[in-house]
Number of protein chains: 2
Amino acid sequence: MVAGPTSTGPGKERLRLWIRLLRASRTIEAELRERLKKEFDTTLPRFDVMAALYRSPEGMLMSDLSRFLLVSNGNVTGIVDRLVSEGLVTRARRNGDRRTSMVRLTEEGSKSFAAIAAAHENWVGELLGTVSEDEARRLTGMLKSFRSNWEGRE
Amino acid sequence: MVAGPTSTGPGKERLRLWIRLLRASRTIEAELRERLKKEFDTTLPRFDVMAALYRSPEGMLMSDLSRFLLVSNGNVTGIVDRLVSEGLVTRARRNGDRRTSMVRLTEEGSKSFAAIAAAHENWVGELLGTVSEDEARRLTGMLKSFRSNWEGRE
DNA sequence: TTATAAAACTTTAAGCTTGAAATAATTGCG
DNA sequence: CGCAATTATTTCAAGCTTAAAGTTTTATAA
């Protein structure tokens, strides 16, 4: 996914775009992962889950998390397990539907996330520093319309 | 990495961009992974390694692969191991420097890759279909300059 | 009711991924 | 030369990831 086009033709320009997109996101992702590890001894998947929960103080179902984060159900199970065992998150069995459980940040998890998120936002600002605010807005617009055109997820 | 900004401020626009970038690449990546599995019973990492080797008929060192694909050394070892055991790739010990080995596609690997790459290019064209050729060129340019400004890898 | 299907989740097996430690070969320098 | 540092690679442990199969609970409908 990271090599160059192997031919010329109609799809070439879009293939180039895809390769650039992928290389850019991998490079940034690698840098963020490294800093999360070094500075906060955590991982990107944990950060993702906590970020989602931080936006939903009322809690989220496992399936909400899985859908929102674009990862599989089983995947979320493992990450939440570990967050629970670290005291950052709780799984609350529900009376209404006993198949499901509400996942929420604990007090500690919320505090912890706020600190990490602040650093994270600065890192992203730094790593994308060469993109002007205006360019960022335009790029975001292009990517947004692309996704929402392609399929209905959010 | 996939949730929205948690605050307003100067870095907000770039954080939005990063989230869009990540969601776009994850969505496309997931779709490509699924099709590679279904249609060719292979994986993205295998495809990446084969794509790199296809561009270098003379072969690549393990460290070349690792650098080019932006993944760790140990990672490449495992993927190449599996490709070797499937007869798609060879590791040739070198006389000059016996620490290293040249990795090459076999005849079969080369044929196999050519077929997969053709399908792959069509898929990408389809998945990025809502982006015009012209827009694709502009986006690519932005992403390219961003990366080369940020650091010296290629 | 009461089977049967559907939904929410967990478990499992296989593979991917990293960072760190271990091996082995080469290079450089006193 | 001889040995310390460097380089190329593999091994390892832990965690991430998916698809598929399994479990439990809820909904449907004959």
Side-chain angles (χ1 to χ4, degrees), chain A residues 1-2 22 25-27 29-50 59-86 88 91-103, chain B residues 1-2 22 25-27 29-50 59-86 88 91-103:
Chain A
M1 305 304 303
V2 114
L22 190 55
S25 64
R26 281 199 188 170
T27 306
E29 212 169 339
E31 186 65 28
L32 292 175
R33 189 190 321 111
E34 197 177 326
R35 295 187 186 192
L36 282 175
K37 185 73 193 295
K38 282 219 181 355
E39 308 285 329
F40 296 101
D41 192 32
T42 189
T43 67
L44 269 174
R46 280 171 170 85
F47 179 82
D48 286 350
V49 167
M50 293 178 77
M60 288 178 86
L61 302 181
M62 295 299 283
S63 43
D64 294 336
L65 279 169
S66 151
R67 206 171 9 259
F68 181 68
L69 298 175
L70 308 176
V71 300
S72 67
N73 270 343
N75 190 350
V76 176
T77 297
I79 297 166
V80 168
D81 281 353
R82 283 179 284 270
L83 287 174
V84 167
S85 80
E86 292 169 22
L88 300 170
R91 256 197 196 92
R93 220 75 203 178
R94 294 201 309 164
N95 290 343
D97 184 337
R98 273 179 316 193
R99 291 170 301 182
T100 66
S101 50
M102 249 347 181
V103 184
Chain B
M1 305 306 302
V2 114
L22 190 54
S25 66
R26 280 200 188 169
T27 306
E29 211 169 340
E31 185 66 28
L32 293 175
R33 189 193 319 112
E34 197 177 325
R35 295 187 186 192
L36 281 175
K37 185 74 193 295
K38 281 217 176 5
E39 308 285 330
F40 296 102
D41 192 33
T42 189
T43 66
L44 269 176
R46 279 172 170 83
F47 179 82
D48 286 350
V49 167
M50 292 178 78
M60 286 177 89
L61 302 181
M62 296 299 283
S63 42
D64 294 337
L65 280 169
S66 151
R67 203 170 13 256
F68 181 68
L69 299 174
L70 308 176
V71 299
S72 67
N73 271 342
N75 189 350
V76 176
T77 297
I79 297 166
V80 167
D81 281 353
R82 283 179 284 270
L83 287 173
V84 167
S85 79
E86 292 169 21
L88 300 169
R91 256 198 196 91
R93 221 73 204 179
R94 294 200 309 165
N95 290 343
D97 183 338
R98 274 179 316 194
R99 290 169 302 180
T100 67
S101 51
M102 250 344 183
V103 184

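Atom set for the values below is all heavy atoms of this structure, side chains included, hydrogens, waters and symmetry mates excluded. This one's a predicted model, so the numbers in the text were calculated from it and none came from an experiment. In what follows, chains carry the letters A, B, and so on, assigned in the order in which the sequence lines appear, proteins first and then strands, with residues in each chain numbered from 1.
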Rounded to whole angstroms, how far apart are CZ on B/F47 and P on C/dC16? 15 Å

Sorted by position of nearest nucleotide on DNA chain C, 5' first, the leading residue of B/T43 and A/S101 is A/S101

d(CE, A/M60; C1', C/dA8) in whole Å: 15 Å

Categorize B/R93 for me: base, sugar-phosphate, or nothing, with a 4.0 angstrom heavy-atom threshold over every strand shown. nothing

Starting from C1' on C/dA8, measure out to CG on A/L65 and report it in whole angstrom. 13 Å

Euclidean distance, atom NZ of residue A/K38 to atom P of C/dG19 [Å, nearest integer]: 7 Å

Within this structure, what is the CD-OG distance for the pair B/E29 and A/S25, rounded to the nearest 0.5 Å? 7.0 Å

Between A/S63 and C/dC9, is there a contact of a side-chain N or O with OP1 or OP2 at under 4.0 Å? yes

Report which part of the nucleic acid B/T100 touches: base, sugar-phosphate, or nothing (heavy-atom distance under 4.0 Å, all strands). sugar-phosphate

Taking OP1 and OP2 of C/dC9, is either one under 4.0 Å from a side-chain nitrogen or oxygen of A/N73? no

Distance in angstrom units between A/E31 CD and C/dG19 P, rounded: 11 Å

Atom CD in B/E39, atom NZ in B/K37: separation rounded to 0.5 Å? 12.5 Å

For the CZ atom of B/R99 and the CZ atom of B/R93, what is their distance to the nearest 0.5 Å? 11.0 Å

Is the distance from OP1 or OP2 of C/dA7 to the nearest side-chain N or O of A/R98 less than 4.0 Å? no

Whole-Å distance separating the CG atom of A/D97 from the P atom of C/dA6: 17 Å

B/R46 side-chain proximity, nearest of C/dT17, C/dG15, C/dT18: C/dG15

Distance in angstrom units between B/D81 CG and C/dA14 P, rounded: 17 Å

Expressed as a whole number of angstroms, how long is the span from A/R35:CZ to C/dT18:C1'? 17 Å

NA contact type, B/R91, heavy-atom cut-off 4.0 Å: base, sugar-phosphate, or nothing? sugar-phosphate

Would you call A/R33 and A/L36 a side-chain contact if the rule is heavy atoms closer than 4.5 Å? no

If only atom types and distance count, is the side chain of A/S101 paired as donor or acceptor with the main-chain N or O of A/A92 below 3.5 Å? no

Would you grab the first and last nucleotide of DNA chain D (5' to 3') that comes under 4.0 Å of any non-hydrogen atom in chain A? D/dG15 to D/dT26

I'd like to know whether A/V49 forms a side-chain contact (heavy atoms from CB on, under 4.5 Å) with A/L83, so could you lay out the CA-CA distance, the side-chain angles of the two residues, the decisive distance to 0.1 Å, and finally the verdict. CA-CA 9 Å; A/V49 167; A/L83 287 174; 3.7 Å; yes

For A/N75 and A/S72, indicate whether the former's side chain and the latter's backbone hold a donor-acceptor pair under 3.5 Å. no

Could you note down all residue pairs passing salt bridge (Lys or Arg N to Asp or Glu O under 4.0 Å) where residues 75-84 of chain A supplies at least one of them, sequence neighbours left out? A/D81-A/R91

Hey, what bend do you get for the helix from C/dT1-D/dA30 to C/dG30-D/dC1 if you fit axes on five pairs at each end, rounded to 10°? 0°

Nearest-0.5 Å distance, CG of residue B/L88 to OG1 of residue B/T42: 7.5 Å

For A/E34 and for A/L61, locate the closest nucleotide of DNA chain C by heavy-atom distance; then report the residue assigned to the nucleotide nearer the 5' terminus. A/L61

Derivation and outcome, salt bridge (charged side-chain N to carboxylate O under 4.0 Å, His left out), residues B/E31 and B/R35: CA-CA 6 Å; B/E31 185 66 28; B/R35 295 187 186 192; 3.0 Å; yes

Would you say a side-chain N or O of B/R82 is under 4.0 Å from OP1 or OP2 of C/dA14? no

5'-most contact on DNA chain D: A/V71 or A/R94, nearest heavy atom basis? A/V71

With a 3.5 Å cut-off and just heavy-atom distances, do the side chain of B/R99 and the base of C/dA24 make a donor-acceptor pair? no

